[in-house]
Every structure is written in structure tokens, then in C-alpha cells.
Amino acid sequence: MEPLTVPATLEELEVLADFVIQAARTAGLEKKPAYRLRLAVDEIATNIVTHGYQEMGLTGDITIYADMDEHSLTITLEDSAVPYNPLEEEEVTPEELHKPLEQRELGGLGIFLTLRGVDRFTYERMANINRNLFTMRRPPQSQPVGDAKPQE
Amino acid sequence: MALTVNIENKGKEAFITLAGQLDSAAAPSFRDAVDQVFAQPEKPEKLIIIMNDLEYMASAGLRCLVFAKQKAGATVPIVLSGVTEEVYETIEMTGFHHSVEIVENYASNA
């Protein structure tokens, strides 16, 4: 799939979601892993828009890439906002997850869902670019949708 | 893709029906609905959130549920009805199922 660049606003995030859904389908991911990947990318993209750009008074873009080999699908988000490493956020503790809702902290759940949902998550800072990588294993012998060739 | 939010009152029960995609851009409309439900002169005794057609919920939606629970207080239960498997996975992973009632199909007592 060709990479896609969108303005970094919450309203544009559904375009990224569509991209991920399409990539997951092409990679032959099952329904639940595909949903978890979409959730992970959406959560991190939301943080990029709000913490990386808007709270800093910045505007900019997010670019999304899909890379696939026979074993895995990797979605990459790139932005030029302030350095923001999701892995440096404080982890949600098991105690927090057992608290009644009215006593919950509001932050951290998005990153928790991201890290629990994908097979591998990586963050890199390259020059002035943040790069977030989300990798999912592909099911064995998955055929891209639209490829009608029977498997020998 | 978008979120549709509907509010309905039946006796002492308030219903919010969510359909579509509850992402961070859509969350404010769910939050507004919660606000509206608890701003009524007669506070409902139960809030039922119908989720059969809710295809997606991000953590922004979870934060709305926290907000709803805070508004509702300890005595007003929150029921999630018809939660899809994928949305339920998120609710369970984050421990929210301890604080709300989850039912397949809510049968009103009103």
C-alpha cells in the first residue's frame, strides 16, 4: 500500500483507521488482531495529535506506512511533533485496573491497550521525526484478499 | 465512519444508544449525552448504554464511562447492553467489567 499523509487533527484519524483496516485485511489478519492493531494505531495517533502537536501549539502531519512480509505486518506512524516516546509513560498498574471506575486516573489506558494489543511496539526518534512501529504476526498461509490462486 | 448517539428516557431508566465508531473525535458527543442524562431534574435510577451497533471504542470512550460513573454516583448502576466481542475485550482488559453490569440484551423493568 502507498503511504498516506494526513493533517494531524482528531477528525483525520478515521482516515488512518481506514488505512489500517485495509492493510490488516490485505495481510489476512483475523478479526480480533485486526481490531487490536487498529485500536493501537488510533490510540498512539490520538496522543501524537493531542500531546505532540496541539498541546504544544504546533500543527503538522502524520504519515502512515504499511509494510508486509510473509510473517508479519508492520504499520508505521511518522510525525514531526515534539519528541514523544509512549514507552516512557508511566505504566498502568494492576491495582489501578482493579479500582472502581469513579476512582480511576484518566490517563494511560490508551498506551496500555496499545502495548497489550500488538505483537511488537517500537518507538524511534530519527533526526526530528518520531517513528512508532506496530507489528502483528500474520496467520500461517494467509493469502492476500483478492489473490484467488489456490494454495498448493 | 462516525458515531450516532441517542438518548431516551423510560420511567426512571435512561438509555443512551451508541452506534458506529467511538474514537477520540467522537467521544465529546457521548460525554455530552451523559451530561444531559444526569442534568435532568429527576435523576435516573439506572443508565443503560445500548452498544449492539457500536463497532469500535477507543480509550476515549472508556474515559466517558468513568465520567458517567462519577456522574451516576454509587447508587445508580450503569448497564452495558449488547457489547460486541471486540469492544468487550477492551472493557475486560482494562478491568471496567468490575464496575458496570454487562448484559446481552437489556430487559427493561420500567
Side-chain angles (χ1 to χ4, degrees), chain A residues 6-22 24 29-51 54 86 89 92-117, chain B residues 1-4 19-31 34 38 47 49 51 53-80 83-102:
Chain A
V6 299
T9 65
L10 293 184
E11 290 68 33
E12 292 291 334
L13 295 187
E14 63 179 335
V15 180
L16 300 184
D18 285 338
F19 181 96
V20 175
I21 290 165
Q22 185 57 50
L29 296 193
E30 304 276 355
K31 203 174 168 199
K32 281 195 180 178
Y35 184 93
R36 290 185 204 122
L37 175 62
R38 182 255 171 119
L39 178 63
V41 173
D42 188 40
E43 295 292 351
I44 297 298
T46 297
N47 283 349
I48 293 169
V49 170
T50 54
H51 304 311
Q54 289 178 349
E89 291 284 316
V92 178
T93 60
E95 292 75 46
E96 177 69 17
L97 295 176
H98 279 89
K99 277 191 196 166
L101 289 194
E102 50 274 30
Q103 295 167 21
R104 293 286 189 112
E105 302 277 338
L106 287 181
L109 288 175
I111 289 163
F112 172 78
L113 290 169
T114 299
L115 299 180
R116 291 285 295 267
Chain B
M1 289 199 298
L3 181 73
T4 325
Q21 316 274 328
L22 176 43
D23 62 5
S24 51
S29 58
F30 177 28
R31 198 189 148 97
V34 170
F38 290 108
L47 170 63
I49 304 172
M51 300 172 104
D53 295 321
L54 186 68
E55 291 157 12
Y56 175 72
M57 184 174 72
S59 66
L62 294 174
R63 284 190 289 276
C64 294
L65 291 178
V66 172
F67 176 70
K69 195 69 200 168
Q70 287 167 345
K71 283 271 175 186
T75 54
V76 177
I78 296 181
V79 181
L80 307 184
V83 186
T84 67
E85 264 185 67
E86 288 77 17
V87 172
Y88 184 71
E89 194 176 79
T90 300
I91 287 170
E92 194 183 31
M93 217 185 270
T94 50
F96 275 47
H97 59 307
H98 299 305
S99 294
V100 294
E101 278 175 48
I102 313 260

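Per chain, numbering begins at 1; letters A, B, ... match sequence-line order.
Ranked by heavy-atom pairs shorter than 4.5 Å toward chain A, the options B/T90, B/L62, B/T94 are led by B/T94. Among the candidates B/E86, B/K69, B/R63, the residue making the largest number of heavy-atom pairs closer than 4.5 Å to chain A is B/E86. If you tally non-hydrogen atom pairs under 4.5 Å between each of B/H98, B/M93, B/Q70 and chain A, the highest count goes to B/M93.
The side-chain heavy atoms of B/T84 and A/Y35, taken from C-beta on, include no pair separated by under 4.5 Å. Between A/L101 and B/I78 the shortest side-chain heavy-atom distance does not fall below 4.5 Å.
A/Q22 CD: more than 12 foreign heavy atoms inside a 6.0 Å radius.
Looking at B/F67, neither its backbone nor its side chain comes within 4.5 Å of chain A, counting heavy atoms on both sides.
Partners of A/R36 according to the salt bridge (Lys or Arg N to Asp or Glu O under 4.0 Å) rule, which considers only residues two or more places apart in sequence or in another chain, are B/E89. Take A/E12 and apply the salt bridge (Lys or Arg N to Asp or Glu O under 4.0 Å) test, not counting sequence neighbours, and it matches no residue.
To the nearest 0.5 angstrom, B/M57 atom CE is 9.0 Å from A/L113 atom CG. Once rounded to the nearest 0.5 Å, the distance linking CD1 of A/I21 with OH of B/Y56 reads 9.0 Å. Between atom CG of residue B/L65 and atom CZ of residue A/R104 there is a gap of 10.5 Å, rounded to the nearest 0.5 Å.
Heavy atoms only, all atoms of each residue included: A/K99 and B/S99 are closest at O-OG, 4.2 Å.
Between the side chain of A/E102 and the backbone N or O of B/A74 there is no donor-acceptor pair closer than 3.5 Å.
For the side-chain contact (heavy atoms from CB on, under 4.5 Å) with B/D23, the qualifying choice from A/L39, A/D42, A/L10, A/T46 is A/D42, the only one to do so.
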